[in-house]
Participant: 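Quick one: the structure is below, questions incoming.
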Amino acid sequence: MGSMARLLPDSRCASASASWTSSLSCDLATAATTVVTATSSSAMPLAAPFPGLGVPLSDADLRTTAYEVLVAASRATGGRPLIYIPQSASTGARSTSSTSTSTSSSGLQRSRTSTAASRVKRSLGLSPSASSKAGTAAPRRPETVMELVRVNLRVTEQADSRIRRGLLRIAAGQLGRRAESMILPLEFLQRSKASDFPDPHEYEAWQCRNLKLLEAGLLVHPLIPLRKSDIYAQTLREIISRAYDKPLETGKNLESMQELCSAVKSLAGRSLGASSDECHWADGFPLNLHIYQMLVEACFDSENGTVVDEIDEVIGLLKKTWVILGINQMLHNLCFTWALFNHFATSDQVDIELLSAAENQLSVVVKDAKTTEDPDYCDILVSILSSITGWTEKRLLAYHETFNASNIVSMQGIVAIGISAAKILLEDISQKYPGKRKKETDVVRGKIETYIRSSLRTAFAQRMDEADSKRSSRNPVPVLAILAKDISDLASKEKNIYSPILKKWHPLASGVAVTTLHSCFGNELKQFTVGRTKFTPDTAQVLDAADKLEKNLINIAVEDFLDSDDGGKSLIRQMPPYEAENAIAALVKDWMKERVDKLKGWVDQSLQQETWNPKANRQSFAPSSMKMLRMIDEILDAFFQLPISVHSILFPDLTAGLDGIIQYYVSKAKSCHGTQSTATPQLPHLTRCDVGSKLFKKKEKPHALLNRGSQVGSSTGKSEGCDLPELCVQINTLHYIQTEVENLKKKAKKCLRNCELSQDGNGTTDGMNIKFELSQASCQDGIRQLCDATAHKVVFNYLSHVLLDTLYVGGTVSNRVEPLLRELHSTLGVISGIMHNESRDHLITALMKASFDGFLLVLLAGGPTRAFTLQDAQIIENDFRALRGLYLANGDGLPHELVDKASLEVKSVLPLLRTDTESLIQRFKQAITELQGSPTKSSFPKPPRVPAQWSANDPNTILRVLCYRYDEAATKFLKKTYKFPKKL
């Protein structure tokens with residue numbers, strides 16, 4: 001019976017074992033991922049280690065069967081006689097039978113004297129029992145080892161007597177027959193009678209049990225798989241089915257009994273190999289292990305669950321059943337390991353000796369597992385270890401609930417057994433799936449990490465509930481602040497009580513624990529801070545408590561990481577900082593965003609209602625700008641009053657938001673008044689002078705001619721936007737904002753320095769560059785653009801009646817520059833009366849440049865109503881000199897250098913007016929040739945575009961002078977070369 005193949009034949013493994021292994025996998029996965037809270041009683045037995053039988057046999061049925069097998073095997077191997085003397089009659093028996101008394105006493109004496117030197121107890125690390133110690137009164141115990149076994153298996157004296165009588169009858173008819181060649185249930189059915197039982201119902205139950213055993217051992221779990229067509233199997237099923245409905249008539253010579261005997265013997269007599277007289281009725285899996293597991297219970301005292309003193313003798317008896325049940329030493333080791341641990345589990349986990357014994361016995365199983373690769377043994381191994389690990393995982397996945405001061409001593413043993421079982425299971429998985437082999441250290445540490453993380457998450461959830469119950473009107477501390485203190489205490493408890501035990505398997509046990517707690521609290525803190533935009537006492541308390549907790553956890557982790565090879569880097573990565581400062585920063589940023597957004601909405605509304613009235617205040621700038629800057633100043637004050645320590649860090653964010661608001665105000669303000677291009681008139685198409693004709697015909701308005709058509713695609717000169725005073729107010733406003741931004745920067749720098757001095761006494765703001773870049777650039781740009789746009793509106797729209805409509809129309813002498821100068825002088829008075837000095841100079845400079853541009857426009861694009869002779873050149877130069885003088889104002893106006901620079905373009909064009917026509921034509925030809933190459937067929941291409949700046953060397957400029965030259969030669973050249981018309 002040494003071959004493991006007898007346990008689970010290959011063909012049966014494919015069916016029964018496959019489903020069993022599958023269900024085990026589910027059980028293991030569930031145990032590994034589910035934390036089961038501690039039950040009301042810690043004395044919970046292990047889950048059944050073997051699959052169900054599929055036949056309704058109770059534990060009592062199996063215990064009785066196990067005892068029958070044991071008694072039969074003991075008798076067949078030369079044990080004591082089958083005659084049984086009840087314990088109640090032992091005194092009388094001893095007085096009448098000295099031989100029997102001597103035999104029992106000697107056997108018992110051997111048992112007791114060997115107790116102190118028990119080999120099994122020594123191997124398990126068990127101490128001698130109290131009864132073996134000197135001076136200790138021993139309790140009354142059974143007289144023999146077999147009687148001890150009977151008591152521990154809870155077999156009654158009446159049942160024992162009936163079993164022995166039955167075996168005597170069997171032995172009488174089959175003298176010398178070995179136990180393994182007998183089918184005990186069949187033999188009992190043949191030789192027992194209803195009269196052997198005190199009650200008919202008891203007899204029927206006994207008969208039913210034996211039939212169920214035959215069904216389980218020969219039909220449901222046979223050693224050798226059955227063929228579907230097996231006639232004996234069909235016959236046995238029918239007999240058993242009938243017997244369940246109507247009790248079977250027994251008697252050796254009855255036809256029904258003969259039919260039963262024939263079917264049973266045929267099925268039990270099938271052999272795996274050579275012919276043999278062995279009968280296989282109880283050695284099929286898992287029936288054999290169910291029966292043997294009951295026998296193993298004989299090793300434990302029925303009252304207190306401890307290992308009996310006579311353990312060596314009891315195991316000796318059990319071994320006699322191996323040949324019948326198909327058990328070997330390795331299977332015995334497995335079953336005994338499970339039994340040891342199960343008795344520890346049911347002892348309220350207080351019998352540490354049992355736990356230690358289970359751990360020592362498991363080490364024997366570890367050695368066994370390494371010596372065999374038999375798949376059937378491996379399946380049984382997985383089944384038993386899964387039962388053990390299922391129990392240990394439930395406790396270890398919530399060890400904070402399971403272990404306390406009263407039972408903490410058992411934790412190390414339970415962890416050791418759980419880890420050993422996990423390593424054995426790993427080896428089994430590695431044999432089946434070589435590609436999934438993992439390092440043993442990885443598996444062990446992985447298990448410990450799972451225990452730590454699961455248990456602490458469970459403990460954290462409990463502390464959450466407790467913290468919630470602690471908060472009240474008398475104790476208004478926020479829940480998270482209470483929780484932070486509780487978790488800090490929990491971390492200390494973990495470090496002092498549990499981590500020293502777990503460090504045996506994981507050197508960074510404390511580190512794993514604090515990373516878990518850090519993560520759990522971090523998740524709660526994150527939820528707490530999400531959406532909070534205002535500072536409250538609760539927020540301040542929670543963030544402060546979180547900071548203290550984090551520092552405590554980090555200190556524990558750092559101490560633990562000193563023993564780490566990598567300095568604990570892998571665990572440190574699992575502890576992203578709470579960043580209380582960042583949480584505060586987020587709240588402050590939300591606070592800032594709310595105020596900036598609100599301010600932007602106010603700017604939109606205010607600009608829609610702004611009138612830009614110069615009489616709104618003495619300073620002649622927009623009231624909305626003053627209020628906006630006052631609101632910005634209030635936001636700054638409120639910011640520096642916030643009870644935080646990171647003003648200097650967050651201030652750039654605030655300035656960026658406020659800077660954007662000012663820039664937004666400036667851009668919106670300037671956008672409604674157009675640009676320089678919207679006020680500049682379009683240039684008319686080129687014409688030639690009609691020499692000898694009158695310039696005015698049909699009283700056509702000269703400025704209308706200037707607006708017809710375009711060579712350059714410029715916009716029309718229609719007046720847009722505000723009046724001049726409003727434009728002046730707008731420029732004043734931008735200049736005021738630009739000035740106030742500088743004051744804001746100075747104030748912010750002072751406030752920052754005060755905050756730093758009050759916090760750490762070290763002001764470092766002097767080197768800080770406080771910027772309002774967008775608003776400053778926007779103001780500067782806006783002032784320039786508004787000045788240019790205002791100047792062009794004044795010159796080309798407001799003063800068009802004295803410039804475009806009148807100047808030099810019909811001749812230079814009759815319409816000179818004086819009316820324009822008067823209007824400009826009046827305009828300068830309006831500007832000076834409204835604007836501040838610096839912004840006023842900007843606008844007057846822009847007005848000067850625009851008026852010079854307008855003067856040139858009259859000379860070079862004045863339309864057919866204007867024509868100039870050589871003699872007009874001096875008058876025009878004088879008029880321009882007067883125009884320049886207006887801005888110089890005899891030294892009280894703009895600086896000479898500025899006026900001279902603005903005059904350069906006009907001064908470069910005026911000499912062309914005094915140049916004779918032939919010279920102009922030659923100069924034009926030379927310029928166009930240099931620009932576009934030699935002409936073909938005596939024709940010249942038209943200049944490609946209007947230049948960015950008029951110049952005496954630009955062909956477009958020279959051509960325009962020729963167009964307005966009141967001279968026959970000029971007219972002929974233009975007609976021949978370009979076929980210009982005389983009028984539009």
Side-chain angles (χ1 to χ4, degrees), residues 529-537 539-540 543-544 547 578-607 622 624-669 733-734 736-782:
T529 56
V530 166
R532 291 183 178 265
T533 57
K534 296 181 179 179
F535 277 93
T536 64
T539 304
L543 292 175
D544 182 60
D547 187 55
Y578 293 156
E579 297 179 345
E581 287 188 359
N582 286 352
I584 294 173
L587 293 175
V588 175
K589 286 178 180 178
D590 287 341
W591 178 90
M592 293 188 296
K593 184 177 183 302
E594 178 185 355
R595 281 152 181 78
V596 169
D597 290 346
K598 184 177 180 181
L599 183 57
K600 183 181 179 184
W602 180 89
V603 167
D604 277 328
Q605 185 177 3
S606 297
L607 284 177
S624 60
S625 65
M626 295 179 64
K627 188 167 183 181
M628 176 189 70
L629 290 167
R630 185 168 64 250
M631 292 169 73
I632 289 175
D633 192 65
E634 291 171 355
I635 291 174
L636 288 176
D637 287 341
F639 171 77
F640 286 112
Q641 289 172 8
L642 293 176
I644 58 176
S645 59
V646 288
H647 289 99
S648 59
I649 297 174
L650 297 175
F651 186 67
D653 291 332
L654 180 59
T655 55
L658 298 177
D659 191 25
I661 291 297
I662 297 173
Q663 187 256 354
Y664 179 72
Y665 179 97
V666 172
S667 63
K668 292 281 285 186
T733 299
L734 300 192
Y736 165 71
I737 292 174
Q738 189 177 30
T739 303
E740 286 302 308
V741 166
E742 289 297 323
N743 294 334
L744 286 176
K745 290 168 62 176
K746 293 176 183 177
K747 174 178 179 177
K749 197 168 187 177
K750 179 181 178 181
C751 290
L752 281 173
R753 186 183 300 111
N754 291 339
C755 284
E756 290 176 353
L757 288 172
S758 65
Q759 288 160 10
D760 56 18
N762 182 22
T764 57
T765 315
D766 290 339
M768 179 176 286
N769 187 12
I770 300 173
K771 298 180 180 179
F772 282 83
E773 292 179 335
L774 292 176
S775 53
Q776 288 176 316
S778 182
C779 286
Q780 192 171 345
D781 255 4

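These figures come from a predicted structure and were not determined experimentally. The first residue in the sequence is number 1, and the count goes up from there.
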Participant: For V596 versus G657, what's the shortest heavy-atom pair and its separation?
Facilitator: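 Heavy atoms of V596 and G657 come nearest at CG1-O, 3.8 Å.
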
Participant: Under a 4.5 Å cut-off applied to non-hydrogen side-chain atoms, are K627 and W602 in contact?
Facilitator: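 In contact.
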
Participant: Out of curiosity, R630 CZ to E740 CD, how far, rounded to the nearest 0.5 Å?
Facilitator: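 Result: 11.5 Å between the selected atoms.
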
Participant: Check the surroundings of atom CD in Q780: do more than 12 heavy atoms from other residues, nucleotides or ligands lie under 6.0 Å from it?
Facilitator: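 No, the 6.0 Å shell around CD holds no more than 12 heavy atoms from other groups.
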
Participant: Around atom NZ of K600, are there more than 12 heavy atoms from other residues, nucleotides or ligands closer than 6.0 Å?
Facilitator: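 Not buried by this count: 12 neighbours or fewer within 6.0 Å.
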
Participant: Do D604 and K668 touch side chain to side chain, with heavy atoms closer than 4.5 Å?
Facilitator: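 Yes - at least one pair of side-chain heavy atoms lies under 4.5 Å apart.
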
Participant: Output all residues satisfying side-chain hydrogen bond (donor to acceptor under 3.5 Å, both in side chains) with S775, sequence neighbours left out; order by chain, then residue number.
Facilitator: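 Scan of S775 (side-chain hydrogen bond (donor to acceptor under 3.5 Å, both in side chains), adjacent residues dropped) gives D659.
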
Participant: For K749, which of K746, R753, K747 qualifies under side chain to side chain contact (heavy atoms under 4.5 Å, CB included)?
Facilitator: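 Only one of K746, R753, K747 forms a side chain to side chain contact (heavy atoms under 4.5 Å, CB included) with K749, namely R753.
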
Participant: I'd like to know if the side chain of Y665 reaches the main chain of S625, judged simply by a donor and an acceptor atom lying under 3.5 Å from each other, with no hydrogens or angles considered.
Facilitator: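 Looks like yes, one N/O pair under 3.5 Å.
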
Participant: Compare every heavy atom of Q738 with every heavy atom of Q776, then report the nearest pair and how far apart it is.
Facilitator: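 The answer is O-NE2, 4.2 Å.
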
Participant: With rounding to the nearest 0.5 Å, note down the distance linking CE in M592 to CD1 in I635.
Facilitator: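 The distance works out to 10.5 Å.
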
Participant: Do E773 and Q663 have side-chain N/O donor and acceptor atoms under 3.5 Å apart?
Facilitator: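 No, no side-chain donor-acceptor contact under 3.5 Å.
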
Participant: Any side-chain to backbone donor/acceptor pair from T733 onto A622? Under 3.5 Å, distance only.
Facilitator: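 Checking the backbone N and O of A622 against the side chain of T733, a donor-acceptor pair under 3.5 Å is found.
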
Participant: If we only count heavy atoms from C-beta on, is the T529 to L587 side-chain gap below 4.5 Å?
Facilitator: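 SC-SC contact between T529 and L587 ruled out.
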
Participant: Check for a donor-acceptor pair, side chain of S606 on one end and backbone N or O of V603 on the other, with a separation under 3.5 Å.
Facilitator: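 Side chain of S606 to backbone of V603: no pair is present.
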
Participant: Taking side chain as C-beta onward, heavy atoms only, is L744 less than 4.5 Å from L629?
Facilitator: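 Of all side-chain heavy-atom pairs linking L629 with L744, at least one is under 4.5 Å.
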
Participant: Please name all residues satisfying ring-ring contact (aromatic ring centres under 6.0 Å, His included) with F640, sequence neighbours left out, ordered by chain then number.
Facilitator: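 If we apply the ring-ring contact (aromatic ring centres under 6.0 Å, His included) test to F640, skipping adjacent residues, the hits are H647, F651.
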
Participant: Which heavy atom in S648 sits nearest to a heavy atom in P652, and how many Å separate them?
Facilitator: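 Nearest pair, atom of S648 first, then P652: O-CD, 3.3 Å.
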
